[in-house]
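Every heavy atom of this structure was used, including side-chain atoms; hydrogens, water molecules and symmetry mates were not. Position 1 is the first residue of the sequence; numbering continues from there.
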Amino acid sequence: QVQLVESGGGSMQAGGSLRLSCGVSGYTYSNNFVGWFRQAPGKEREGVAVFSYGLGVTTYADSVKGRFTISQDKAQNTVYLQMNSLKPEDTASYYCAASRGYILGLSRLSPGYYNYWGQGTQVTVSA
């Protein structure tokens, strides 16, 4: 059974940094994808950053490029999202997710292609 558990959310002033962690268990890395999504109140869930360990591919949303970095500690079965230069518009619940299989490039940030989800962690950025 695949389980994803997020941690590391909190409140931060604009310009600050946070690192989110996602503990992954029961999941086999291949040409599938693991990553981070977020959902702000009243908005749809959106992809932030995803990667494929098997393919060596990483994809970022344009809104976070150059500020956020996704990484993995495979030995610890943990996926991280380092968030720098935080902005108030980054305020959202952040979710870790994983897919069962391969996802075409244009769809890799689409939540509908991900099968396993964590419970989410809140990030609040004040101006």
Practice task
Work out which heavy atom in N32 is nearest to a heavy atom in T28; give both atom names and the distance.
Solution key: ND2-O, 3.0 Å

Handout entry: Close side-chain approach of E89 and T91, heavy atoms under 4.5 Å
Key = no

Exercise for the section: Step through the shown structure and confirm whether more than 12 heavy atoms of other residues, nucleotides or ligands are within 6.0 Å of OH on Y116. Expected result: yes

Practice task
Would you mind reporting whether M83 and Y94 have side-chain heavy atoms less than 4.5 Å apart?
Solution key: yes

Exercise for the section: Spell out, as yes or no, whether a donor-acceptor pair under 3.5 Å connects the side chain of S99 to the backbone of F33. Expected result: yes

Which donor-acceptor pairs under 3.5 Å do the side chains of residues 7-20 make with protein atoms, sequence neighbours left out?
{"unit_1": "S17", "atom_1": "OG", "unit_2": "N84", "atom_2": "OD1", "d": "2.9"}

Handout entry: Closest heavy-atom pair and its distance - W117, P111
Key = CZ2-O, 3.5 Å

Practice task
May I ask you to test the V48-L81 pair for a side-chain heavy-atom distance under 4.5 Å?
Solution key: yes

Problem - Distance-minimising heavy-atom pair for A92 and A40 - result: CB-N, 3.8 Å

Exercise for the section: Would you sort out whether Y102 and Y113 count as a side-chain contact (heavy atoms from CB on, under 4.5 Å), showing the intermediate values? Expected result: CA-CA 9 Å; Y102 177 77; Y113 288 88; over 6 Å; no

Exercise for the section: Answer yes or no: is there a side-chain heavy-atom contact under 4.5 Å between V34 and Y114? Expected result: no

Practice task
Find the distance between CD (Q3) and CD (Q119) and round it off to the nearest 0.5 Å.
Solution key: 10.5 Å

Handout entry: Heavy-atom pair with the smallest gap, counting every atom of L106 and S110
Key = O-OG, 4.5 Å

Handout entry: hydrophobic_cluster_shared for V50 and L55, side chain cutoff 4.5 Å
Key = yes

Handout entry: For Y95 against G118, the heavy-atom pair lying closest together
Key = CD2-O, 3.7 Å

Practice task
Find out whether L109 and T59 are in side-chain contact, i.e. whether some heavy atom of one side chain is under 4.5 Å from a heavy atom of the other.
Solution key: yes

Exercise for the section: Return the minimal non-hydrogen interatomic distance between P88 and S126, and the atom names on each side. Expected result: CG-C, 4.4 Å

Handout entry: Cluster link Y29 to L4, ILVMFWY, side chain under 4.5 Å
Key = yes

Exercise for the section: Could you go through the salt bridge (charged side-chain N to carboxylate O under 4.0 Å, His left out) check for D90 and K87 one step at a time? Expected result: CA-CA 5 Å; D90 294 320; K87 303 176 180 180; over 6 Å; no

Problem - pair V57-R108: side-chain heavy atoms closer than 4.5 Å - result: yes

Identify every side-chain donor-acceptor pair in residues 68-78 under 3.5 Å, counting partners at least two apart or on other chains, and give the distances.
{"unit_1": "D73", "atom_1": "OD1", "unit_2": "A75", "atom_2": "N", "d": "3.2"}
{"unit_1": "D73", "atom_1": "OD1", "unit_2": "Q76", "atom_2": "N", "d": "3.1"}
{"unit_1": "T78", "atom_1": "OG1", "unit_2": "Q76", "atom_2": "O", "d": "2.9"}

Exercise for the section: Determine, using the 4.5 Å side-chain heavy-atom cutoff (strictly less than), whether V24 and I103 are members of one ILVMFWY cluster. Expected result: no

Handout entry: Side chains of C22 and W36 in contact at under 4.5 Å (non-hydrogen atoms)
Key = yes

Exercise for the section: Taking the side chain as every heavy atom from C-beta outward, state whether S93 and F37 have any pair of such atoms under 4.5 Å apart. Expected result: no

Handout entry: Sequence neighbours excluded - side-chain hydrogen bond (donor to acceptor under 3.5 Å, both in side chains) pairs with any residue from residues 43-55
Key = R38-E46, Q39-R45

